[in-house]
Amino acid sequence: MTADAAALDILLAVLLVFLVWRLLTLSDLFKATILFIVFGLLLSLAWVRLRAPDVALAEAAIGSGVTGALVLDALRRLGAHGAVDEARPLRLNLARLSGGLLVACLGAILLWSVLSLPAGWRGLSAEAMAAMPHSGVTNPVTASLLNFRSHDTLLEIAVLMLAVLGVWTLDAEPKPSAEPAGPILDLLVRILLPLMVVVAGYLLWAGGHAPGGAFQGAAVLAAGGILLHLARPFYLGNHVIIRLVIGFGFAVFLAIGVMLVVGGGRFLEFPSRHAGTLILVVEAAATISIALILLALFVGNVREGAGRDAP
Amino acid sequence: MTTAAWMEALLAAPLAGAVIALISGRRAAALVGVVTAFATAAASIALAFAVSRSGVLRYAVGGWGRPLGIDLYVDGLAAVMVAITGVVGACISVCAAGYFAPKPTHADLPSDKHDRAWLYWPLWLMLWGGMNALYLSADLFNIYVTQELIGLSGIGLIALAGGSAISAALRYLLLALAGSLLYIVGVELLYAGYATLDLQQLRDRIDANPSTFAAAALMTAGLLAKSALFPLHFWLPPAHGHAPVPVSAALSALVIKTGFYLVVRLWLHVLPGLAWAHLATLLGVLGAAAVFWGGVQALMQERLKMMVAYSTVAQVGYLFMLFPVASVPEALPGALLLAASHAAAKAALFMCAGSVLAVYGHDRIRSINGIGTRMPLTAVAFALSGISLIGLPPSGGFAGKWLLISAAFAAGAWWWAAIIVLGGLLSAVYLLRALAFAFLEPPIAGFGRAPWGMEATSLVLAFIAVGLNFAARPLSELLNAGAG
Amino acid sequence: MAVLDWLSMALVGAGTLFFIAGSIGLLRLPDVMTRLHALTKADNVGLGLIVLGLSLQTSGPMEVVRLLLVWALALLTSSCACYLVAHATLQARRETGHDS
């Protein structure tokens with residue numbers, strides 16, 4: 001590693017720790033939220049430095065973008081009272097001191113065990129590279145997520161679905177009085193939204209051979225939806241079409257897995273010849289569902305009329 | 001059908017049911033849910049028979065095989081846990097079909113919540129699918145994902161009750177996230193050290209170095225928090241006490257056991273190479289503390305559901321007394337039998353509490369007089385499941401405790417046996433206190449109509465808890481099926 | 001080639017200077033409007049200069065187009081964001097009577 005690369009890494013690491021400290025101790029929650037978004041962006045830079053561009057994309061889009069928008073929106077709904085956390089800045093007391101000591105011990109244990117690991121570690125990359133020709137794609141990350149460890153990804157999509165179900169179980173909020181944001185934002189949306197759809201499609205397609213894939217594409221698509229929602233507020237409810245689209249990605253993935261069993265193979269065993277196509281189908285379906293899931297999380301559970309859920 | 005086919009069915013059926021229930025919505029969700037529940041329960045029992053007939057099986061999902069892919073693995077232990085989940089899960093589904101029916105009949109489910117009651121079905125089937133996937137998985141990271149599935153669906157299910165259940169659900173969310181974080185850090189360390197996530201391969205490669213100890217400690221701490229072992233039980237009573245009845249039953253009877261199962265898997269099957277006698281003693285001591293603390297707290301509760309919830313804190317304690325005596329062959333079947341009978345008895349007790357809530361409109365222990373004459377089915381179910389929880393013969397609780405006590409004597413550690421007996425006495429005190437109010441006082445003019453579905457299901461579960469008295473031998477045989 | 005490299009460096013350096021000026025302005029100027037002024041002007045021109053500088057280093061016209069697109073998008077979003085912030089500030093001023 002060259003000296004300037006090392007300097008960049010050290011600067012990043014110091015900045016990340018500093019940001020976390022600031023955002024945990026600031027009493028102004030709005031400022032803390034902005035720092036959280038900045039933290040997400042710097043963290044995605046750190047992923048780039050670790051040569052994990054797929055993770056960096058996901059971090060920037062979901063960790064910083066969509067999550068940041070969610071936190072900002074939550075802050076807005078809390079109103080003026082919620083913007084300042086009375087319990088901050090943190091004063092030292094016995095509980096915090098013992099908590100801090102516990103975390104320090106944990107950190108020490110982690111440091112110690114990481115330092116005791118063997119040098120020159122390769123993990124399973126050799127095995128993964130050897131299996132790549134049969135995976136149907138050329139991007140090893142996509143091969144891992146959608147073929148080698150597709151079972152994990154299937155369940156992860158279910159977890160995302162559960163998040164929306166969880167939001168639906170909560171009491172619906174009355175519709176906030178939102179006015180359209182004006183002609184400039186409308187114009188921005190009109191230009192950006194088609195671009196974002198194209199970018200999402202590109203990311204989905206690129207996932208097969210380059211950094212990208214369903215999660216990243218879906219995050220961009222959801223960001224487009226959020227932008228639209230900010231310009232012209234709309235509400236989703238849990239209408240049958242919404243439920244269908246939310247369940248679609250998981251249903252397609254599971255159905256393909258089961259059909260492969262019916263066809264005489266094992267669960268989720270993509271035949272090498274069709275693996276590329278099947279992965280693209282699964283990813284396309286998942287992109288649509290995940291995008292709507294993320295958007296539904298942002299839009300939240302809003303009551304249309306009095307005492308009833310959205311139709 | 002073969003073992004592999006039953007495993008595929010157990011993974012896919014509840015998940016498919018969940019997504020179909022989600023899409024079909026209010027009108028058909030319950031129907032889809034009950035059908036899926038019975039199919040899954042049948043597959044669970046079939047899997048147990050298949051394993052006892054043809055032994056353990058390893059199944060490479062996606063055909064890649066470890067260490068690159070994810071393997072499923074079923075042995076006697078996994079088959080027993082899946083079967084417990086299947087049988088109790090089917091009973092809970094029957095109870096839920098009545099409880100979450102369109103008409104508001106239950107005091108603890110506000111009427112404006114009935115619009116959303118159907119969400120129970122996708123959430124519950126996801127929870128079930130997650131538990132099956134957890135028991136059948138042989139991959140540490142895959143197990144992490146299944147825990148997320150279980151945790152998140154559990155939170156949604158608790159939140160269905162609304163009101164004060166929301167804060168309990170959020171506390172459970174934070175706890176589950178903290179536990180998962182500890183677990184996943186441990187998994188990363190093991191993967192970094194041994195370049196595999198497969199349980200069997202880890203067992204073969206493990207050696208006693210600092211990173212392995214740290215990983216084992218972190219994972220165990222996370223799992224203990226999820227299985228609510230004293231002193232990490234604080235989140236359990238509010239969550240289980242405020243959730244809707246079928247949800248309390250599922251969480252207390254089944255979900256808690258996933259953490260216990262993983263600790264067993266980890267220490268008995270993956271890390272037996274580490275010298276862990278001190279940790280085993282610590283787990284036993286925490287278990288003993290849980291038995292007493294949970295018992296005393298249960299005794300002090302005013303509400304029936306909260307008493308039943310604190311009783312779970314105590315019952316979890318017995319399970320962890322397995323570890324100090326785990327070298328004795330009777331110990332594991334004993335603990336599993338205890339887990340099975342607790343699952344049945346605890347689900348039954350929560351349903352009894354639910355029936356009382358429905359009829360009386362409250363569950364204050366002091367004012368439930370006359371249950372014995374007004375609701376004989378519920379009273380009998382309460383008494384029978386109480387017998388199993390206390391550990392009186394004949395019951396699954398008795399047979400399980402008997403095996404654990406024999407194991408304690410065989411290991412030359414009589415004090416564990418003494419704690420088990422004393423804990424039984426303590427649970428007798430709090431359960432009989434509630435029963436005394438139910439039987440001895442004269443009946444008063446009643447209020448609600450008895451939910452017959454819930455009453456009948458609780459009785460069935462109570463009979464199962466008692467009948468497990470005779471399950472010790474088949475259970476031991478299943479555990480030894482194809483072992484080696 | 002060397003001339004191109006020098007030109008690139010000069011352009012990128014000038015762009016960086018604009019960024020620095022914008023950042024100092026953001027920190028030192030008294031209220032929202034003047035800060036916005038410093039920030040957006042500096043960002044747009046600074047980024048434009050950097051894009052120009054980098055365009056001299058590309059291997060083909062497609063890359064130049066991509067760089068220009070990045071600049072165009074940044075221009076679009078930053079000017080819209082500028083408008084939105086200014087609009088919100090004006091509204092806040094009208095409501096509270098002073099700059100917030």
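Proteins get letters first, then strands, A, B, ... in listed order; numbering begins at 1 in each.
- Both the backbone and the side chain of A60(B) come within less than 4.5 Å of a heavy atom of chain A.
- With a 4.5 angstrom heavy-atom cutoff, L173(B) does not touch chain A via any of its atoms.
- The shortest heavy-atom contact between P67(B) and E127(A) is CG-OE2, 4.3 Å.
- Expressed to the nearest 0.5 Å, how far CE of M7(B) lies from CZ of R266(A) amounts to 12.0 Å.
- Atom CG of N209(B) is separated from atom OG of S113(A) by 9.0 Å, given to the nearest 0.5 angstrom.
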Exercise for review: List the steps, then state whether side chain to side chain contact (heavy atoms under 4.5 Å, CB included) holds for N142(B) with L155(A).
Suggested key: CA-CA 9 Å; N142(B) 187 240; L155(A) 297 181; 4.0 Å; yes
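- Here CG of L123(B) is found 5.0 Å from CG of L165(A). Values are rounded to the nearest 0.5 Å.
- Proximity to chain B (any heavy atom under 4.5 Å) is restricted, for V258(A), to the side chain, taken from C-beta onward.
- Across G265(A), A255(A), G123(A), G166(A), the residue that shares the most heavy-atom pairs under 4.5 angstrom with chain B is G123(A).
- No other option in F250(A), F248(A), F148(A) has as many heavy-atom pairs under 4.5 Å with chain B as F148(A).
- Interface summary for chain B: among V261(A), N147(A), L254(A), the most heavy-atom pairs under 4.5 angstrom belong to N147(A).
- Of the listed residues (L11(B), I155(B), T196(B)), the one with the most heavy-atom contacts under 4.5 Å to chain A is L11(B).
- For chain B, the nearby part of L106(A) is the side chain; its heavy atoms alone come within less than 4.5 Å.
- Residues W64(B) and A131(A) come closest through the heavy atom pair CZ3-CB, 3.7 Å.
- Under the 30°/60° scheme for interplanar angles, the aromatic rings of W168(A) and W118(B) are found to be tilted.
- Annotation: maximal heavy-atom pairing with chain A below 4.5 Å, among G129(B), S153(B), G193(B), A169(B), occurs at S153(B).
- L189(B) contributes atom CG, which lies 6.0 Å from atom CG of L110(A) (distance to the nearest 0.5 angstrom).
- When each of L182(B), D139(B), T212(B), V185(B) is checked for heavy-atom pairs under 4.5 Å with chain A, D139(B) comes out on top.
- No other option in I246(A), L268(A), V114(A) has as many heavy-atom pairs under 4.5 Å with chain B as L268(A).
- Counting only residues at least two apart or in different chains, side chain to side chain donor-acceptor pair (under 3.5 Å) contacts with residues 277-295 of chain A are absent.
- The residue among Y144(B), F141(B), F213(B), Y194(B) with the most heavy atom pairs within less than 4.5 Å of chain A is F141(B).
- Between atom NE2 of residue H151(A) and atom OG1 of residue T146(B) there is a gap of 8.0 Å, rounded to the nearest 0.5 Å.
- In this structure, Y59(B) contributes its side chain and F267(A) its backbone to a donor-acceptor pair below 3.5 Å.
- The CD1 atom of I157(A) lies 12.0 Å from the CG atom of L149(B); values are rounded to the nearest 0.5 Å.
- Chain B forms the most heavy-atom pairs under 4.5 Å with one residue out of A158(A), S150(A), S144(A), and that residue is A158(A).
- Counting non-hydrogen atoms of other residues, nucleotides and ligands closer than 6.0 Å to CD1 of I241(A) gives a total of 12 or fewer.
- A 6.0 Å sphere centred on CZ of R205(B) holds more than 12 heavy atoms belonging to other residues, nucleotides or ligands.
- For the options A214(B), S211(B), G156(B), G130(B), heavy-atom pairs under 4.5 Å to chain A are most numerous at S211(B).
- Between chain B and the residues I109(A), L115(A), L244(A), the most heavy-atom pairs under 4.5 angstrom are made by L244(A).
- Between A159(B) and L170(A), the shortest heavy-atom contact is CB-CD2, 4.1 Å.
- The shortest distance between side-chain heavy atoms of R149(A) and V145(B) does not fall below 4.5 Å.
- Contact annotation for residues 15-24 of chain B against chain A (heavy-atom separation below 4.5 Å, listed by residue number): L15(B), A16(B), V19(B), L22(B), I23(B), S24(B).
- For E148(B), the parts lying under 4.5 angstrom from a heavy atom of chain A are both the backbone and the side chain.
- Looking at L124(A), the atoms closer than 4.5 Å to chain B (heavy atoms on both sides) sit in the backbone and in the side chain alike.
- Heavy-atom minimum distance, P210(B) versus W112(A): CB-CZ2, 3.2 Å.
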